[in-house]
Amino acid sequence: MVVPHLTTTLPETLRRPVINTSAGPSAFVPFSEKLGMPLTKQPISILQINLGRHCNLACTHCHVEAGPKRTEELSPEICELLITAIDRFPQIETLDLTGGAPEMNYGFRPLVEAARSRGKAVIVRSNLTIYFVPGFEDLPEYFARHKLRVVASLPCYLKDNVDKQRGSGVYHDSIRALQWLNHLGYGRDPELILDLVYNPPVPIAPDEFRLPPQQASLERDYQAFLHEHFGIEFDRLLTITNLPVGRTQQFLQRRALNRPYLRFLAASYNPKTVADLMCRNELSVDYHGNVYDCDFNQMENVPARMVDGTPLTVAKLLELDDLDVIREVQTRPYCYGCTAGSGSSCGGALV
Ligand code: SF4
Ligand code: SF4
């Protein structure tokens, strides 16, 4: 299918008012102080695994700093430990696979099949364009066969905004991929869930600092546009805030915007988001088998710790025969990105 060139005028929903950023450095309150209490862990129900840094794209906002030249990935030994954990702990309801492009890294299919055969829900965080890379063309059918929930990045419904963040031609391939998924029943069959992910452009000046627009209204805009122009259907739009981590942080630092952006996020703190922060009921695991409270902490090398301060690994969890050994989530200043406005998580807005 030929994807027509469409207007790049910024739609109304995306022209959100900018929040005041004039607060000086003295206004910045450490995140832990702002919370006023320890961020406690709840019973673990989600195991998120970052399979590695290899990816066919190299997006400007990537907090993982993934790309085609990165080679770090899961080893067969750690993959086996993870399968043992999936088998051992019935409380794991969902396996959430991310990367890089998770499909390109070792362990993707063994983990999918281990989890699905034990009745777990499996999320694949897919960049869509991978289905056109030689050797990966069977992925959409594989996803449908195993009833994976696809969470796909599409940071705008307009071509120029997507290609600017993700690379030339990405919008075109993403549209073709979404049509392919629809053809297989994704976004139509209640068992084949297809969610899209929006994140704002990375700001190049303080007057461009933005939180995601209201999730429900932006979802309506995405649905109307993608259906009208391409016949595409999907289930939900998830809006995610850019946290100053990875390439986003480097980009902001080059422009001396890191601290102003953190102050912007802090000024938008919403205490109602805290109850549902994703770090409270998930574990995030890296390709070495180290355990973190979330993928952002993983990228910043902030390990999850047991009560005595020991960093956690999957091997240790298996030895203890217990997933609920973390009392307190490790927080850092970038946590303000998860609590700003309507909140942000791998599952979209929080309130
Ligand atoms: S944002 Fe996703 S698709 Fe883009 S480089 Fe990072 S892992 Fe790959
Ligand atoms: S970055 Fe977000 S998800 Fe991670 S620990 Fe901080 S608040 Fe929790």
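Order of listing sets the numbers, starting from 1, for every ligand and every atom in it. Below, each value reflects all heavy atoms present in this structure, side chains not excepted, and no hydrogens, waters or symmetry copies.
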Asker: Any pair with a residue in residues 279-307 that passes ring-ring contact (aromatic ring centres under 6.0 Å, His included), sequence neighbours left out, goes on the list, sorted by first then second residue, please.
Answerer: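 Sorted pair list: H63-F296.
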
Asker: Atom CD of Q215 and atom OG of S342: how far apart are they, to the nearest 0.5 Å?
Answerer: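 Output value for this atom pair is 8.0 Å.
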
Asker: For F28, is the NZ or CZ atom of R259 found under 6.0 angstrom from the centre of its six-membered ring and inside 45 degrees of the ring axis?
Answerer: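 R259 over F28 ring: yes.
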
Asker: Do I240 and Y198 touch side chain to side chain, with heavy atoms closer than 4.5 Å?
Answerer: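 Not in contact.
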
Asker: Please assess T129 against N56 for the test side chain to side chain donor-acceptor pair (under 3.5 Å), listing each intermediate value before the final yes or no.
Answerer: CA-CA 8 Å; T129 61; N56 56 315; 2.9 Å; yes

Asker: Start with the C-alpha distance between Q165 and T60, add both sets of side-chain angles, then the distance that settles side chain to side chain donor-acceptor pair (under 3.5 Å), and finish with yes or no.
Answerer: CA-CA 5 Å; Q165 265 193 46; T60 55; 5.3 Å; no

Asker: Taking side-chain contact (heavy atoms from CB on, under 4.5 Å) as the definition, give me every residue that meets it alongside K316, ordered by chain and number, with sequence neighbours left out.
Answerer: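 Partners of K316 under the side-chain contact (heavy atoms from CB on, under 4.5 Å) test: M306, L312, T313, E319, L320.
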
Asker: Any atom of ligand 1 sitting under 4.0 Å from a heavy atom of R166?
Answerer: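 The answer is yes: ligand 1 sits under 4.0 Å from a heavy atom of R166.
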
Asker: Short of 2.8 Å from atom 8 (Fe) of ligand 1, name each protein N/O/S atom, waters not counted.
Answerer: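 Checking every protein N, O and S atom gives C55 SG.
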
Asker: Can you establish whether the number of heavy atoms outside R327 located under 6.0 Å from its atom CZ is more than 12?
Answerer: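 Not more than 12 within 6.0 Å, no.
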
Asker: Quick one: pull up OH in Y106 and SG in C79 and give me the separation to the nearest 0.5 Å.
Answerer: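 Interatomic distance, Y106 OH to C79 SG, rounded to 0.5 Å: 5.0 Å.
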
Asker: Mind checking whether L318 and L81 have side chains closer than 4.5 Å, heavy atoms only?
Answerer: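 Yes, side chains in contact.
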
Asker: Can you list the ligand 2 atoms lying under 4.0 Å from a non-hydrogen atom of M278?
Answerer: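 Counting from 1, the qualifying ligand atoms are 3 (S).
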
Asker: What protein N/O/S atoms lie closer than 2.8 Å to atom 6 (Fe) of ligand 2?
Answerer: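 Per the 2.8 Å query on atom 6 (Fe) of ligand 2, atoms found are C335 SG.
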
